[in-house]
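Worksheet for the structure shown next.
What you are looking at is a predicted structure, and each value in this text was computed from that prediction instead of being measured. Each chain gets a letter, A, B and so on, in the order its sequence line appears, and its residues count up from 1.
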Amino acid sequence: MAAPYDREDGMPPAPPPHAADAAYDPNYVPDSVKTFVAHLYRHIRDKNVYEIHQMYEGGFQRLSDRLFRDAPWPSAEAVAPYCDGDHVFLLLYKELWYRHAHARLSPLTAAHRAESWTNYCDLFSVVLHGVVNMQLPNQWLWDMVDEFVYQFQSFCQYRAKLKNKTEDELQQLKQFDKAWNVYGVLNYLQALVEKSMITQILEREKEGLEQFTATDGYDYEGGSNVLKVLGYYSMIGLLRIHCLLGDYHTGLKCLAPIDLNQQGVYTIVIGSHISTIYHYGFANLMMRRYVDATREFNKILLYILKYKQYHQKSPQYDQILKKNEQMSILMTYKHKMHAVDSDGKIVSSADFDFYIVEDIIHVVESKPTKSHGDYFLRQILKFEEMIGELEKVQLD
Amino acid sequence: MATEQAAENYTVEDLVALNPYNPDILNDLEKFVNEQVSSQTYNLDANLSLLRLYQFEPERMSIQIVARILIKALMAMPAPDFSLCLFLIPEHVQMEEQFKTLIVLSHYLEVNNWSNFHIYILCAGFEQAIQTYAIHVLSLTYQKVPRPVLAEAINIEGLALDKFLEYHATNSGWLIEKGGQSQVVVLPRNEFNHPELKKNTADTVPFEHVTRIFPVLS
């Protein structure tokens, strides 16, 4: 696989195991959680996307920090009474549960990882069957796809480190050998892209026959945005996975329906914007398409510079800073390819042309600054002088 | 099996477009590689899909097939297909003799080291593909290329070269002139061998754009 990537969602690394783990009762539901679940359930039923977003970004984080710093949330069975036991809601709750576990629990068992995989399969299957009629905030839908790819990567790294595993853990791995299999991961993302018909939607949008970007992906005709937006974000998910596998050509093909020269749904959630441009740039760099890579890195680095102050309070802030650093480093590789003159100033090699006819070197300036040509000729004359001097030197 | 029967009704291109992440199509993709070699066709997407499947099913990897994919990729130069394929091949496989040779060959092609390159004829159509690539590179570099340089690049000499030159004089706009020590072939003008023709905007990154990023980098 390609170079290891760090956490996309910027969560801090998991703290060491705590005595509190031993006291964890999965059935104990604090009052604040009862309220949280009941309200979130109601807002989802009411399709109140704004409130859902507030609870998702704010409430969940605050409760996690206050009550579940390094312990899991109450089990789905325990909170079921507060949401009418709604099957789909509980899949969403578990999605949050396992994401929290991946961020905070240490060690995370193979069983936890496998259960999370099963939960994603169940959740995506429900969505793919087209029976979902809720509207969810784009941030949550992006995080689902982002986390799905992250947990896949995390599981592969976990599984690869077999040396330090106990008998128990090895047994668990054998038992859950279907979890996070690469075919499943690729095929779920592919299925979301296909079933959502997102490619056709984007095509028709260009001809004015469909509204998608204009409504930020939301459905104002009583339908659901979940399948369409998950399909959209899955294109970016596939780009990421192909980059991990080293197949940059196919990765870029997966992203092709998205026009990076325009605003789009990919720019709405900052995490998705950065992830798209980063992986697009990286793939182009590996394919030696330096001009394309530089152009996009340029744009996004300036964007981050302008807007990061607005995200300081958000959970994505760390992730933004990390990607900023990674891209700056990649940009320096591009700069190394330019010639540097004696003053240390970077001379763009794109401006400097010469051609040779018989014994004469012609220097062509495509820009008005003739100084490059003069400089070159002066150095060549100096060089010839120096060669002349050297030839006169007698070595004994 | 039902899947095999269904697969027969689709072309390989369909399979790669509709159902690429499926180990059942591995045999079809292998057959397709052999077809590409014998019928002198080429399909990068199908070959990348096969290399991807080999990553997931390492016991089913066929060194022969991988070598053929790499040869076809070499023939696609200047496209970067060779390195794209190499990214998907595990390092321990790249250490095999045949692959070491192919990697060296690809390097020779990159740096236009023709004298070491032309010993190898690797499959049908290989020589023509490499000659096409050589001519492509020469026309980016030269307005007038001396005959000996051309001869070494395409590995043709004597009467065969005369015929080759005649063909291109008629069909590709080449001019044959008397140069200082030997014949000289005048290649058609393009933006790369005639700097005046070079469009400023097309492929270059204006320096001003890059300077905007310096405050961020510091």
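- Of all heavy-atom pairs between A/D247 and B/L48, the closest is OD1-CD1, 3.7 Å.
- In this pair, A/H242 and B/Y21 present their aromatic rings tilted. The plane angle is within the 30 to 60° band.
- Of all the listed residues (A/T250, A/I304, A/L186), the one sharing the greatest number of non-hydrogen pairs under 4.5 Å with chain B is A/L186.
- Taking all atoms of both residues into account, the shortest heavy-atom contact from A/L245 to B/Q55 is O-NE2, 3.4 Å.
- Here the side chains of A/H249 and B/D45 are in contact, with some heavy-atom distance below 4.5 Å.
- Contact tally against chain A (heavy-atom pairs below 4.5 Å) for B/D81, B/T141, B/L51, B/L44: the top residue is B/L44.
- Atom NE2 of B/H136 has more than 12 heavy atoms from other residues, nucleotides or ligands within 6.0 Å.
- The parts of B/P23 that come within reach of chain A are both its backbone and its side chain, each placing non-hydrogen atoms under 4.5 angstrom from that chain.
- Once rounded to the nearest 0.5 Å, the distance linking CE of A/M287 with OG of B/S83 reads 8.5 Å.
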Worksheet item: Does the pair A/Y248 and B/L88 meet the rule for a side-chain contact (heavy atoms from CB on, under 4.5 Å), with working shown?
Response: CA-CA 10 Å; A/Y248 306 104; B/L88 293 176; over 6 Å; no
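- In terms of heavy-atom proximity, A/E194 sits nearest to B/L18 at OE2-O, 4.0 Å.
- Other residues, nucleotides and ligands place more than 12 heavy atoms under 6.0 Å from the CD atom of B/E177.
- The part of A/L238 that comes within reach of chain B is its side chain, from C-beta onward, which places non-hydrogen atoms under 4.5 angstrom from that chain.
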